[in-house]
Amino acid sequence: MLLSELAMGASATVLEVNDNGPGDRIAQRLRDLGFVTGEPVRLVARGPLGADPLLVQIGYTRFALRRAEAARVTITTEAAA
Amino acid sequence: MNAAAAPLRMDASHGRAQLQVALVGNPNCGKTALFNLLTGTRQKVANYAGVTIERKEGHYTAPSGRSVRVLDLPGAYSLAATSPDEAITRDVVMGQHMQEAVPDLIVCVADATNLRLHLRFVLEIAQLGRPMLLALNMMDAARRRGIRIDTASLSQMLGMPVVETVAVRHGGANALIERMDSTQPSPLAPRPSSLAALPDLHAEVRAILAATVSIPRRTAAVDDAIDRIVLHPVFGLAILAVVMFLIFQAVFSWATPLHDGIADGIQAAGNWIGDTLPAGALRSLLVDGVFAGLGTVLAFLPQILILFLFILCLEESGYLPRAAFLLDRMMLSAGLTGRSFIPLLSSFACAIPGIMATRSIPDPRDRLTTILIAPLMTCSARLPVYALLIAAFIPQRTVLGVFNLQGIVLFTLYVAGIVSALAVAWVIKRLRRDQSEHALMMELPSYRMPHPRDIAIGLYERGMIFVKRVGGVILALTVLLWFLSSFPAPPAGASEPAIHYSLAGMIGRALHAIFSPLGFNWQICIALVPGLAAREVAVSSLATVYALAGEGADSGLQAVVASQWSLATALSLLAWYVFAPMCISTLATVKRETGSMRNVVVLAGYLFGLAYIASLATYQIAKAIGA
Ligand SMILES: Nc1nc2c(ncn2[C@@H]2O[C@H](COP(=O)(O)OP(=O)(O)O)[C@@H](O)[C@H]2O)c(=O)[nH]1
């Protein structure tokens, strides 16, 4: 499942961030921001238009991600915190 | 490198060794507040050579008498830089920057309430092996939230000194100052070997946090509560609309009396000085050149300061990224970003503060597009021109029962500006060579109470940047325009007003050949030349060209225009002012903010082209249907 498909208010655990082509700097940045295996995430808000961007809580931080950015992150909702 | 053994620079004034410190940290760690607390007003803001990224340096004298120079590097999430700002930070801390010396000590600033994110960057910098120190900032907020940090074992696990700071409290950096004063910068101490076995920095962060920090809950309850309302699809947008309306009102109407007051005051001062001089070129230079230019420059200040008062408060409190969050999708469809909205809104008052406000847009491509379309927002300086022409040509008539025809025309002019801005943004997006995805990935920081000192320093900086760097250009060009409008003097027994015989008059009449297809007469063409200084000057220039002066010039001008111009000419001039490339103050600001003459030429060129085409079409169509 992709982070962009997570339901409003739901929690999940990050599996990995997939590069969208070679040397994907957005994917690299997502990993630097803490989107790494095993990290719990939660979808806390969505933009008013087209439910975009998504507001994702990771660790103690909230990041606004556009759908295309969130779609790089695969997650699992099993055993989510 | 062993920096303890490195030769320390000598402070020329005291003959003591000077310490060079660089502040680094994630965005929103409180680095700017800490920098302000350390250096107060002893700051110098410049640009890094060749780029328009702010270089902030300051200094203070430590209790020991040693002078400490502090460089405030741009906030960064990682050394794998994704923006020009982050590249500067990377180059300086890695010692690869062309102009910047390697700092003696790196002070890494981290938000104690957000260590999961910030410690990773600390560890990444620690890998460089340079002497460094960790400032755990926002300790007050951390304590309030019940976060407990064992700084002694944190220091041991990181291999570097750790001090606690509260950047918004008087004396909140004393521990940091003392620590830097009492010890020489030294390389990192060896770290526990258990950490070295971990696969990556994230794993190290988790291990360190587990061993040294206890955190009762993930987020601050207040943040959750505020965000539930502020980011709500309905209430959030309503709050945003109110905030925007307030800003717009403030910049548009509160600044106007100040604007007029300053302009009148400077003019009075000019006249007073002028009265003490004999009539002649020198007096005219002072009154109509220097003081008029000074008036133009200073009259912009209230707008700039009021706008930035709002923007700084919104930025510091954490609301600005929320506004960008709410508007991102809408702006994205025009090829922009949520962060473009406030600069564009401000441009309805005046493009200059609007363009200066684009500094909060991280992606350089988004920033440039926003700068290039900002002048299409109908600024308040166009209103005198619109008012004159609409009053003279558009009848006071009610349309469809409720609408006022004059109001509809004015509204159409505003809409024409917005629609062309969106179209231009769309075209720029298509033409750009770098078509890679624009990233948002924006952190929404915790809400914080803005600190008056940080706001004051920020306002002072904005004001000085405008007066010093942009003001000089505007002043020089105003004097040049005065020269063009005043020389050569009219011959004895001249029948036309003096401006007719001046260089500006000659240029205007020469321009007439280019502008006659647009329906502009030579009087308009002449008025366009001094109108370069500021758009509203075109109205007073027209009065001068028609030899109207003093009291009643405005109503007199309206009568002259109404009787001598055709409706087609008036509509054509209105269309011209929707694009109106002729504002040197805007062009000077674009030069200063983008550091590139090419952008200025592109901006002036495309605005001129659009203005010409729009006016040509308006005039020819209006004439064809018999206006
Ligand atoms: N409570 C508290 N607030 C702080 C502290 N340091 C900074 N702030 C606030 O945090 C916000 C962001 O700080 P700023 O210096 O602009 O962050 P920067 O992005 O790192 O430059 C501002 O509203 C500051 O007033 C601190 O030690 N305690």
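Throughout, protein chains are lettered first and strands after them, A, B, ... in sequence-line order, and every chain is numbered starting at 1. Scope of the values below: all heavy atoms of this structure, side chains included, with no hydrogens, waters or symmetry mates.
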task = Assign the ring pair F63(A) / Y77(B) to parallel, tilted or perpendicular, where the plane angle (0 to 90°) is split at 30° and 60°.
result = perpendicular
key: Structural part of H118(B) lying under 4.5 Å from a heavy atom of chain A   = neither
query = In terms of heavy-atom pairs under 4.5 Å, which option from A64(A), A45(A), A68(A) contacts chain B the most?
reply = A64(A)
ask   = Just by distance, with hydrogens left out, do Q28(A) and D32(A) show a side-chain donor and acceptor under 3.5 Å apart?
value = yes
request  = Heavy atoms only: give me the nearest S78(B)-R29(A) pair and the separation to one decimal.
outcome  = CB-NH2, 3.7 Å
Residue part contacting chain B, namely of R67(A), when any heavy atom lies under 4.5 Å = neither
ask   = Is any residue of residues 194-214 of chain B within less than 4.5 Å of chain A by heavy atoms, and which ones?
value = H202(B), R206(B)
query = Closest heavy-atom contact between P74(B) and I88(B)?
reply = CD-CG2, 4.2 Å
Contacting moiety of E437(B), where chain A heavy atoms sit under 4.5 Å = both
ask   = Can you name the nearest heavy-atom pair linking A142(B) to A112(B), along with the distance?
value = CB-CB, 3.9 Å
query = Quick one: does R42(A)'s side chain get under 4.5 Å of V56(A)'s, heavy atoms only?
reply = no
key: L237(B) portion near chain A, given a 4.5 angstrom heavy-atom threshold   = side chain
ask   = Does atom CZ of R148(B) have more than 12 heavy-atom neighbours from other groups under 6.0 Å away?
value = no
ask   = Going from CZ on R433(B) to CD on Q435(B), what distance comes out if it is rounded to the nearest 0.5 angstrom?
value = 11.0 Å
